[in-house]
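All ligand and atom numbering here is 1-based and tracks the order in the structure. Positions are given from 1 along the sequence.
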Amino acid sequence: MAWSKPMPAQPVVAVAGATGAVGAEMLAVLEQRGFPAKEVRALASARSAGTRLRFRGEEVEVAELTESSLEGVDIALFSAGASVSKQFRDAVTASGAVMIDNSSAFRVEPDVPLVVPEVNAEAAFTHSGVIANPNCSTIQMVVALAPLERLARIKRVVVATYQAASGAGQAAMQELYDQTKDFLEGRPIVPQRFAHRIAFNCIPHIDVFLEDGSTKEEWKMVVETRKIMGRPDLAVAATCVRVPVLRCHSEAVAVEFESPVDPADARAALKQAPGVTVLDDPQGNEYPMPAALEGTDDVYVGRIRRDESVPHGLQMWVVADQLRKGAALNAVQIAELLVAR
Ligand code: HSE
């Protein structure tokens, strides 16, 4: 079912989850990109309501997210967790607003488009009131895969992720700070947001475990990549690991194609691709790294080289600020598509 309500040129925008790591970044991205909003409402749980934030040079008070707080809204950017998105979905769509949802609540529903503007922008226009923002680790990988798929059909992708603490939220990022200090000062460590100590450690466990021994984060990378790229047959194997990095997810990606792809052609295609910056000069020690890319918008690709272990393979290293392109920026880009149309 196509959505019939036209989008005003200057929509009223709500950010639900405005005090969280992604919600705060959504407000920042709306402001930095000069999004043509008539009004922006910062909404959050009752616990965070009343918090004061700076937006477009003014102080804004966060209001409680309720059905009435959504009245008159045209675009509702949700990043308050899957249960909150499920709770408010009907209220948002019944009022004629479009929900752009950063949670995993609706991503695999057939009539909910899962959109990365650089890859499948057209899908945004077939929604029935809800558009899903993909998982952060999936977004940055598909932005790098899409230009390669145009060179030759991809057969299989094997990815290992190195995911920043902030992917688990602001409190998790704080836990990394606090644990690092506690560890260095010899104090006992009690993990709260992660299953184990995150300071000076790597944890191959993001989201819950599934019956087949994989994690839900790994499953998301498989099913979401297939849906966004329109390739239900694509073989994808993922191992997702939390690392003691504050911001920016990194990924080691091995891509097997059905026909030959020269690394130089891949590099050229990635250089031309929207939303991609190639940093790939091994002789000059140049490659993407999280510490250098916090707060950036592009997906950064380096270490592009042949994978000799398969007939037609390439390997690459992909880094992006997952709070920006992996979440807030991607959501705002989807909103921009709706306004432009
Ligand atoms: N699932 C990701 C993470 C957050 O835990 O890093 C992306 O939305």
Proximal ligand 1 atoms for Q163, defined as those under 4.0 Å from one of its heavy atoms: 2 (C), 3 (C), 6 (O)
Protein residue, atom and distance nearest to atom 5 (O) of ligand 1, heavy-atom basis: R242 NH2, 2.7 Å
Check: K220 side chain, P134 main-chain N or O, donor-acceptor pair, under 3.5 Å: no
Shortest reach to atom 3 (C) of ligand 1 by a heavy atom, considering only A172, A327, G167: G167
Distance filter under 4.0 Å to I206 heavy atoms, resulting ligand 1 atoms: 5 (O)
Salt-bridge contact K5-D74 (side-chain N to carboxylate O under 4.0 Å): yes
Contact check: N135 vs ligand 1, nitrogen or oxygen atoms, below 3.5 angstrom: yes
Within 6.0 Å of NZ in K181, more than 12 heavy atoms from elsewhere: no
Heavy-atom closest contact (A238 atom, E218 atom, distance): O-CG, 3.4 Å
Closest protein heavy atom (residue, atom, distance) for atom 1 (N) of ligand 1: E217 OE1, 2.8 Å
Residue among R226, R156, E149 satisfying side chain to side chain contact (heavy atoms under 4.5 Å, CB included) with L234: R226
Location of contacts on Q322 toward ligand 1, heavy atoms closer than 4.0 Å: neither
Y162 and W317 aromatic ring geometry - parallel, tilted or perpendicular at 30°/60° bounds: perpendicular
Atom 7 (C) of ligand 1: nearest protein contact (heavy atom, Å): C136 SG, 2.2 Å
